[in-house]
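By convention here, the first residue in the shown sequence is residue 1.
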Amino acid sequence: MNVFHLDLTKNLKYDRLTGKIIKEHIEAGYNCVDVGCHKGEILEMLLKHAPNGVHYAFEPLPDFFSELRQKFGRRAHIFPFALSDKSGQTEFHFVKNDPAYSGIQERSYKSEAPDIERIKVQMKTLDEVIPDDLKIDFIKIDVEGGEFNVLKGATRILNNHQPMLIFEFGMGASDYYDVDPEEFFGFLSDMNYHIFTLESFTKEEKSLSKEEFEKVYAENSDYYFVAVQKNYHS
């Protein structure tokens with residue numbers, strides 16, 4: 001099986017497991033955040049399973065943002081921001097022949113000839129966009145390697161509300177942001193989080209140790225994870 005088909009198979013598996021987790025763990029009144037909303041597949045699930053919640057979605061690609069606002073604007077707060085751990089204007093790498101790989105930094109790409117357009121977008125932190133008095137219950141982050149910076153820009157939310165997290169973290173993307181798995185694991189552990197692969201979480205297996213998380217990253221055997229507070233009960 002070549003790399004493209006391996007990635008496609010993994011992504012289909014991750015989509016299925018993410019849908020299962022949302023269905024089983026998201027309650028009707030949950031307030032949710034979708035970072036890297038893309039075409040809105042996850043946002044649509046969140047709106048279905050948490051119809052009474054307040055929802056925020058972030059997508060910096062202008063055409064995708066416009067479509068999301070048209071489709072979901074009456075049911076969710078849609079913003080054209082790239083999220084990170086600081087604010088300002090930033091260059092964003094729009095991969096025109098594979099938009100799902102777009103991000104603040106360049107990364108390794110599936111295509112041998114990625115068609116990249118550099119656009120200017122506004123960059124914000126999650127803490128500055130989400131109101132202080134709104135409890136956040138769930139955050140999904142898929143921003144092609146910049147997930148750790150998004151989390152560092154959400155320390156108030158993580159400390160105060162302990163939301164469930166689903167995030168991407170994998171070789172070929174995250175390493176372009178100068179972050180390593182030990183640092184990532186330590187950050188979430190200090191926030192009192194346990195980390196699981198999507199599959200191990202759905203099977204109610206034990207959480208990953210630091211060494212296991214580093215091994216999964218080094219081998220690139222999984223690149224989507226769930227993190228929940230150590231006292232979490234489904």
Side-chain angles (χ1 to χ4, degrees), residues 7 10-12 14-15 17-19 21-22 26 31-47 55-69 71-73 76-87 90-96 98-110 114 116-130 136 138-154 157-158 163-177 179 184 188 198 222-227:
D7 283 347
K10 273 190 173 183
N11 286 336
L12 289 172
Y14 292 148
D15 288 346
L17 290 171
T18 299
I21 291 168
I22 289 173
I26 300 302
N31 302 320
C32 306
V33 177
D34 185 349
V35 183
C37 192
H38 197 50
K39 294 182 179 180
E41 297 96 333
I42 300 301
L43 178 60
E44 195 154 28
M45 290 183 200
L46 296 172
L47 289 166
H55 303 284
Y56 286 77
F58 298 85
E59 177 51 59
L61 292 178
D63 289 346
F64 284 82
F65 165 72
S66 296
E67 292 173 9
L68 289 166
R69 187 170 57 177
K71 185 174 182 180
F72 300 110
H77 301 282
I78 315 292
F79 292 99
F81 305 143
L83 292 186
S84 188
D85 58 347
K86 56 188 175 183
S87 299
T90 188
E91 188 172 73
F92 195 84
H93 296 81
F94 171 29
V95 186
K96 297 170 72 174
D98 203 345
Y101 280 71
S102 302
I104 292 175
Q105 299 283 0
E106 289 193 60
R107 52 154 293 174
S108 64
Y109 298 108
K110 177 178 62 180
I116 298 175
E117 177 184 353
R118 291 166 176 82
I119 63 175
K120 295 293 185 181
V121 302
Q122 284 298 115
M123 186 167 63
K124 302 281 188 180
T125 71
L126 203 53
D127 277 345
E128 71 179 299
V129 177
I130 304 298
I136 296 299
F138 175 87
I139 303 174
K140 164 255 170 181
I141 313 173
D142 183 353
V143 292
E144 301 309 305
E147 291 78 13
F148 186 39
N149 288 341
V150 175
L151 289 170
K152 286 192 291 184
I157 293 170
L158 300 184
M164 173 185 283
L165 309 173
I166 289 183
F167 59 90
E168 185 177 21
F169 182 68
M171 189 77 73
S174 302
D175 46 318
Y176 286 76
Y177 288 76
V179 57
F184 201 127
L188 286 178
L198 299 188
D222 269 297
Y223 48 85
Y224 261 101
F225 300 91
V226 181

Between atom [atom1] of [X] and atom [atom2] of [Y], what is the distance when rounded to the nearest 0.5 Å?
X	Y	atom1	atom2	result
Lys124	Ile130	NZ	CD1	12.5 Å
Glu91	Met123	CD	CE	11.5 Å
Leu43	His55	CG	NE2	7.5 Å
Leu151	Leu165	CG	CG	6.0 Å
Ile139	Glu147	CD1	CD	12.5 Å
Lys39	Glu67	NZ	CD	8.0 Å

Can you check whether [Y]'s main-chain N or O pairs, donor with acceptor, with [X]'s side chain at less than 3.5 Å?
X	Y	value
Gln122	Phe81	no
Asn149	Gly146	no
Ser174	Met171	no
Tyr14	Tyr223	yes
Asp85	Val150	no
Arg69	Ile78	no

- Under the side-chain contact (heavy atoms from CB on, under 4.5 Å) rule, what do Leu47 and Phe72 come out as? Steps first, then yes or no, please. CA-CA 9 Å; Leu47 289 166; Phe72 300 110; 3.5 Å; yes
- Show your working on side-chain contact (heavy atoms from CB on, under 4.5 Å) between Leu68 and Phe65 and close with a plain yes or no. CA-CA 5 Å; Leu68 289 166; Phe65 165 72; 5.5 Å; no
- Verify whether the ring centers belonging to Phe64 and Phe94 lie closer than 6.0 Å. no
- Query: Phe169 and Phe184: aromatic ring centres closer than 6.0 Å?
  - Reply: yes
With side chains defined as the heavy atoms from C-beta onward, is the minimum distance between [X] and [Y] less than 4.5 Å?
X	Y	result
Leu46	Ile22	yes
Thr90	Lys120	no
Ser87	Thr125	yes
Val143	Ile141	yes
Val129	Phe58	yes
Leu158	Pro163	yes
Asp142	Phe167	no
Ile136	Cys32	no

Heavy-atom closest contact ([X] atom, [Y] atom, distance):
X	Y	value
Gln105	His93	C-ND1, 3.8 Å
Val121	Phe92	CG2-CB, 3.8 Å
Tyr177	Gly103	OH-C, 4.1 Å

- Query: Is NZ or CZ of Lys152 both nearer than 6.0 Å to the six-membered ring centre of Phe148 and within 45° of the ring axis?
  - Reply: yes
- Message: For Lys71, is there an ion pair with Glu44 - N to carboxylate O distance below 4.0 angstrom?
- Response: yes
- Query: If you measure from the Lys or Arg side-chain nitrogens to the Asp or Glu carboxylate oxygens, is any gap between Glu168 and Lys140 under 4.0 Å?
  - Reply: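 No salt bridge links Glu168 with Lys140.
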- Task: Could you give me the CA-CA distance, side-chain angles and deciding distance for Ser108 and Tyr176, then say whether side-chain contact (heavy atoms from CB on, under 4.5 Å) is met?
- Result: CA-CA 8 Å; Ser108 64; Tyr176 286 76; 3.8 Å; yes
- Task: Show the numbers, then the answer: is there a salt bridge (charged side-chain N to carboxylate O under 4.0 Å, His left out) between Glu106 and Arg118?
- Result: CA-CA 10 Å; Glu106 289 193 60; Arg118 291 166 176 82; 2.7 Å; yes
- Query: Stepwise, does the side-chain contact (heavy atoms from CB on, under 4.5 Å) test hold for Ile42 with Cys37?
  - Reply: CA-CA 7 Å; Ile42 300 301; Cys37 192; over 6 Å; no
- Query: Where does the angle between the aromatic ring planes of Phe79 and Tyr56 fall among parallel (under 30°), tilted (30 to 60°) and perpendicular (over 60°)?
  - Reply: parallel
